[in-house]
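The model shown is predicted, which means the values in this text are computed figures rather than measured ones.
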Amino acid sequence: MEHPLIVYNSLTRKKEQFVPLNPPFAGMYVCGPTVYGDAHLGHARPAITFDLVFRYLTHLGYRVRYVRNITDVGHLENDSDSGEDKIGKKARLEQLEPMEVVQYYTDRYHADMDQLNVLKPSIEPRASGHIIEQIEMIKSILQNGFAYEADGSVYFDVHKYNTLHHYGKLSGRVIEQLMEGYRNLDGQEQKRNPEDFALWKKAEASHIMRWPSPWGDGFPGWHIECSVMSSKYLGDVFDIHGGGMDLLFPHHECEIAQNRAASGKDAVRYWLHNNMITINGQKMGKSLGNFITLGEFFNGQHPALEQAYSGATIRFFVLQAHYRSTLDFGNEALKAAEKGLKRLQDAYGNLTKVIPKPTSTVDIATYRKRCYDALNDDFNSPLAIAALFDAARTINAACDGKENLTEADIASLTETFHIFFCDILAINSQKGGNQEKMLDIVKGLMNLILEYRQDSRQKKDWAASDKIRDGLQGLGIVVKDGKEGASYTVPD
RNA sequence: GGUCUCGUGGCCGAGUGGCUAGGCAGAGGUCUGCAAAACCUCCCACAGCGGUUCGACUCCGCUCGAGACCUCCA
């Protein structure tokens with residue numbers, strides 16, 4: 001807390017000090033998944049990025065309300081589709097109720113997030129649960145004169161809005177440029193202008209997901225839910241809004257306009273955007289068909305994957321890059337992350353083996369300071385990780401007796417790892433509480449076995465000691481002989 | 001076409017006007033019954049061409065290259 005937290009605000013395109021509106025409270029809204037398919041690596045990026053933000057803000061003492069929505073009302077799939085919504089389409093294909101599809105993929109999304117050690121948000125509202133509020137906000141926008149009804153649909157009047165406010169302030173667009181880009185207005189006849197966007201869409205007879213409204217049966221436009229759910233749970237003005245860079249325009253731009261048109265206020269104080277994950281230099285995305293689902297990463301069943309990767313490895317891989325940079329997928333990079341993470345985990349474990357010395361040869365405090373400095377500078381997780389690696393080297397050196405650490409040093413390092421490795425970056429392999437007992441038993445058994453092996457080794461009975469080691473190896477336990485006796489690890 | 005971002009060593013990726021990123025891979029060494037770790041050392045990169053500067057990978061311009069958004073997308 002000594003140093004201020006600096007965040008990069010997409011709205012101002014500058015780094016700014018983060019000062020919440022109502023400290024110690026902090027509000028954060030992040031665009032969540034549309035649950036009509038399995039989450040892929042691209043979905044992991046914002047989830048992990050804003051999980052880090054959530055965890056760090058909490059660590060700094062803020063009382064954070066983190067809202068991440070579930071989009072489950074279905075939106076237009078593409079222009080040629082003329083109105084069939086994603087979830088409705090999937091439902092028909094699989095002969096399921098739309099909400100059954102939603103439930104199925106929501107559950108799977110949650111399971112994936114658990115694997116990635118992503119905390120649950122404070123509130124996870126569903127768009128379908130906020131139809132009334134969405135209708136109310138559309139009414140307000142209509143009343144304020146920034147929208148118009150046309151044949152059962154309601155559209156936002158971008159030109160009207162732009163006479164009073166700047167539509168495009170977030171993405172750096174001006175409306176004249178936008179107008180040039182919209183030459184093909186096929187199937188958009190009801191709109192006064194092609195850059196107008198839907199607040200409410202009339203549902204055709206074939207459209208499964210539909211709700212009654214003052215304008216007839218229909219469904220909400222694909223920007224309004226976020227405006228509604230963020231302001232409902234965080235207030236007309238709140239601190240942080242996050243999401244992927246690809247949502248900058250038009251989604252977030254429209255959110256800004258909707259909130260402003262409804263409440264007269266700019267809702268968001270800090271806009272944070274994570275960059276994309278690329279594969280062969282190209283964005284990984286559903287529409288490009290070049291995505292790998294998280295489930296495929298976990299089980300290794302994808303042609304592009306040479307092996308399976310754990311959730312911790314994926315999380316570490318993501319955090320090893322700054323959230324505003326693109327991150328390129330590759331087996332080599334994933335494997336490097338896996339090994340690097342193991343190195344950190346081993347060092348963390350080695351901390352208990354270091355023999356304290358009366359005097360210290362290392363300045364331990366710098367590691368923690370470097371971690372704080374890194375995260376305070378726009379959540380620079382790769383720098384924080386680098387500091388942990390340096391700390392790991394020191395710990396291992398101390399294990400080898402090449403550096404000296406005092407009792408206080410060890411305690412401090414343990415705490416540093418606990419704070420950053422476990423709590424904030426959260427890249428340690430999680431062990432469930434129920435497994436603790438079994439782990440203790442295993443530890444006891446292992447010590448016993450290693451004692452026997454030690455005996456044979458003292459008798460130079462290599463056959464016996466090798467038999468024990470090889471047998472353990474067969475169980476996936478690797479024995480390592482060191483100066484201070486034998487230790488063991490269980491590689492993934 | 002418009003708006004914008006980026007181009008770092010074998011790979012992934014930080015960062016800065018002059019001072020070591022870090023990880024993985026590779027080379028050598030220490031330790032060791034063997035093995036595996038660990039530790040030490042090495043591998044000193046910043047697309048190209050100009051310009052600013054005492055000095056640029058870092059600032060400016062241009063060229064080349066890659067990408068994002070403008071349509072659903074994290």
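For A/Leu247, counting side-chain heavy atoms from C-beta on, the closest listed nucleotide (B/G33, B/C73, B/C69) is B/C73. Listed nucleotides: B/C11, B/C12, B/A68. Nearest to the side chain of A/Lys283: B/A68. Nearest to the side chain of A/Arg173, among B/G13, B/G23, B/C69, sits B/C69. Taking every side-chain heavy atom of A/Trp222 into account, B/C72 is the closest of B/C72, B/A25, B/C70. Which of B/C72, B/C69, B/G13 sits closest to the side chain of A/Asp246 comes down to B/C69. Checking B/A21, B/C12, B/G2 against the side-chain heavy atoms of A/Leu383 singles out B/A21 as nearest.
Ring orientation note: the planes of A/Tyr167 and A/Phe197 are close to parallel, at an angle under 30° on the 30°/60° scale.
When rounded to the nearest whole Å, the span between CG of A/Asn331 and P of B/A25 equals 15 Å.
Among the atoms of the strands shown, none is found under 4.0 Å from any heavy atom of A/Gly330. Here A/Ala386 lies in heavy-atom contact (under 4.0 Å) with a base. Nucleic acid contact class of A/Gly244 (heavy atoms, under 4.0 Å, all strands): sugar-phosphate only.
Taking side-chain N and O atoms only, A/Ser325 has no distance below 4.0 Å to OP1 or OP2 of B/G13.
Environment of CG in A/Asp470: crowded, with over 12 heavy atoms of neighbouring residues, nucleotides or ligands closer than 6.0 Å.
Ring centroid separation for the pair A/Tyr105 and A/Tyr36 does not come in under the 6.0 Å cut-off. A centroid separation of 6.0 Å or more is found between the aromatic rings of A/Tyr233 and A/Phe238.
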B/S/- contact track for nucleotides 34-43 of chain B, protein heavy atom under 4.0 Å: BBBSBBS---

Given A/His223 and A/Glu253, is the side-chain hydrogen bond (donor to acceptor under 3.5 Å, both in side chains) satisfied, shown in steps? CA-CA 9 Å; A/His223 311 297; A/Glu253 205 69 74; over 6 Å; no

Tabulate below the donor-acceptor pairs under 3.5 Å that side-chain atoms of residues 315-331 of chain A make, not counting sequence neighbours, or state none.
residue, atom, partner, partner atom, Å
A/Arg315, NE, A/Leu425, O, 2.7
A/Arg315, NE, A/Ala426, O, 3.1
A/Arg315, NH1, A/Asp51, OD2, 3.0
A/Arg315, NH1, A/Leu116, O, 3.0
A/Arg315, NH1, A/Asn117, O, 3.0
A/Arg315, NH2, A/Asp51, OD2, 2.8
A/Arg315, NH2, A/Leu425, O, 3.1
A/His322, NE2, A/Asp378, OD2, 3.4
A/Tyr323, OH, A/Asp378, OD1, 2.6
A/Tyr323, OH, A/Asp378, OD2, 3.3
A/Arg324, NE, A/Asp378, OD2, 2.8
A/Arg324, NH2, A/Asp378, OD2, 2.9
A/Asp328, OD1, A/Thr278, OG1, 2.6
A/Asp328, OD1, A/Gly281, N, 3.3
A/Asn331, OD1, A/Glu306, N, 2.9
A/Asn331, OD1, A/Tyr309, OH, 2.8
A/Asn331, ND2, A/Ala304, O, 2.7

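Contact of A/Lys286 with B/C72 (side chain to base): no donor-acceptor pair of N or O atoms is detected under 3.5 Å.
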